[in-house]
Amino acid sequence: MQAKEYLELPYHIIIQRITDESGAYYFATVREFDGCMSHGDTYEQAFENIREAMEGWIETKLEFGYPVPPPAIDSHFSGKFVLRVPKSLHARLAMEAEKEGISLNQYALYRLSM
């Protein structure tokens, strides 16, 4: 398979807005490609740049005879997991959720996604 054919596969591109000592920018990685990363001033620029980085990453693997991993399959993730926490944390989270007028599950999802 050629690099262009791999780029048509559904790889998982992750783009995050970052603000640090160097300023604000968008940082992009590919879940399946260890070390493949790029950035841009805008989301669109980061996306274009990571696609270019992906192509170079794939071409290098192919040139040296290394396998290119297939896209990860998410079908084995149900969206549910069990987490045990101290009673005091459970109580605090439940009170914060109640104060916000949402379920503990919704509040935990909100906090985990921050």
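- Between His12 and Val30, the closest side-chain pair of non-hydrogen atoms is not below 4.5 Å.
- Remark: side-chain polar atoms of Glu5 are paired, donor with acceptor, to backbone N or O of Gln2 under 3.5 angstrom.
- Rounding to the nearest 0.5 Å gives a distance of 11.0 Å between CD of Glu52 and CG of Leu7.
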Show your working on side-chain hydrogen bond (donor to acceptor under 3.5 Å, both in side chains) between Asp20 and Ser22 and close with a plain yes or no.
CA-CA 5 Å; Asp20 61 18; Ser22 64; 2.7 Å; yes

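- Formation of a donor-acceptor pair under 3.5 Å by the Glu100 side chain with backbone atoms of Ala97 is not found in this model.
- At a threshold of 4.5 Å between non-hydrogen side-chain atoms, the residues Met95 and Lys99 do not count as touching.
- Contact annotation: the side chain of Thr29 never approaches that of Ile50 to less than 4.5 Å [non-hydrogen atoms, C-beta and beyond].
- Within the 4.5 Å cutoff, side-chain heavy atoms of Lys4 are placed close to those of Glu55.
- Side-chain contact between Arg111 and Glu96 is present, with heavy atoms from C-beta onward closer than 4.5 Å.
- Connection of Tyr107 to Leu112 is established within a shared hydrophobic cluster, with ILVMFWY side chains joined at heavy-atom distances below 4.5 Å, either directly or through further cluster members.
- Placement of Ile14 and Met37 in two distinct hydrophobic clusters is found when ILVMFWY residues are connected by side-chain heavy-atom separations under 4.5 Å, directly or transitively.
- Residues passing the side-chain hydrogen bond (donor to acceptor under 3.5 Å, both in side chains) test with Gln16, sequence neighbours excluded: none.
- Residues Met1 and Leu9 form a side-chain contact, since some pair of their non-hydrogen atoms from C-beta on lies under 4.5 Å apart.
- Proximity of Met54 to Arg51: side-chain heavy atoms (C-beta onward) are separated by under 4.5 Å at one or more points.
- The heavy-atom pair separating Glu32 from Pro69 by the smallest distance is O-CG, 3.3 Å.
- No side-chain heavy atom of Asp41 sits less than 4.5 Å from a side-chain heavy atom of Tyr26.
- The ring pair (Phe, Tyr, Trp, His ring centres under 6.0 Å) pairs that include a residue from residues 28-50 are Tyr11-Phe33, Phe33-Trp57, where partners are two or more places apart or lie in different chains.
- The side-chain hydrogen bond (donor to acceptor under 3.5 Å, both in side chains) test applied to Lys87 returns no partner, not counting sequence neighbours.
- The two residues Ala28 and Ile15 make their nearest non-hydrogen contact at CB-CG1, 3.8 Å.
- Residues Asn49 and Ser38 share a closest heavy-atom pair of CB-OG, 3.1 Å.
- Hydrophobic clustering (side-chain heavy atoms under 4.5 Å, transitive across Ile, Leu, Val, Met, Phe, Trp, Tyr) groups Phe81 together with Leu93.
- In this structure, Leu104 and Ala94 approach most closely via the heavy-atom pair CD1-N, 3.8 Å.
- By the criterion of side-chain heavy atoms lying less than 4.5 angstrom apart, applied directly or through intervening Ile, Leu, Val, Met, Phe, Trp or Tyr residues, Leu62 is not grouped with Tyr66; the two fall into different hydrophobic clusters.
- The distance from the CZ atom of Arg17 to the CZ atom of Phe27 is 15.0 Å, given to the nearest 0.5 Å.
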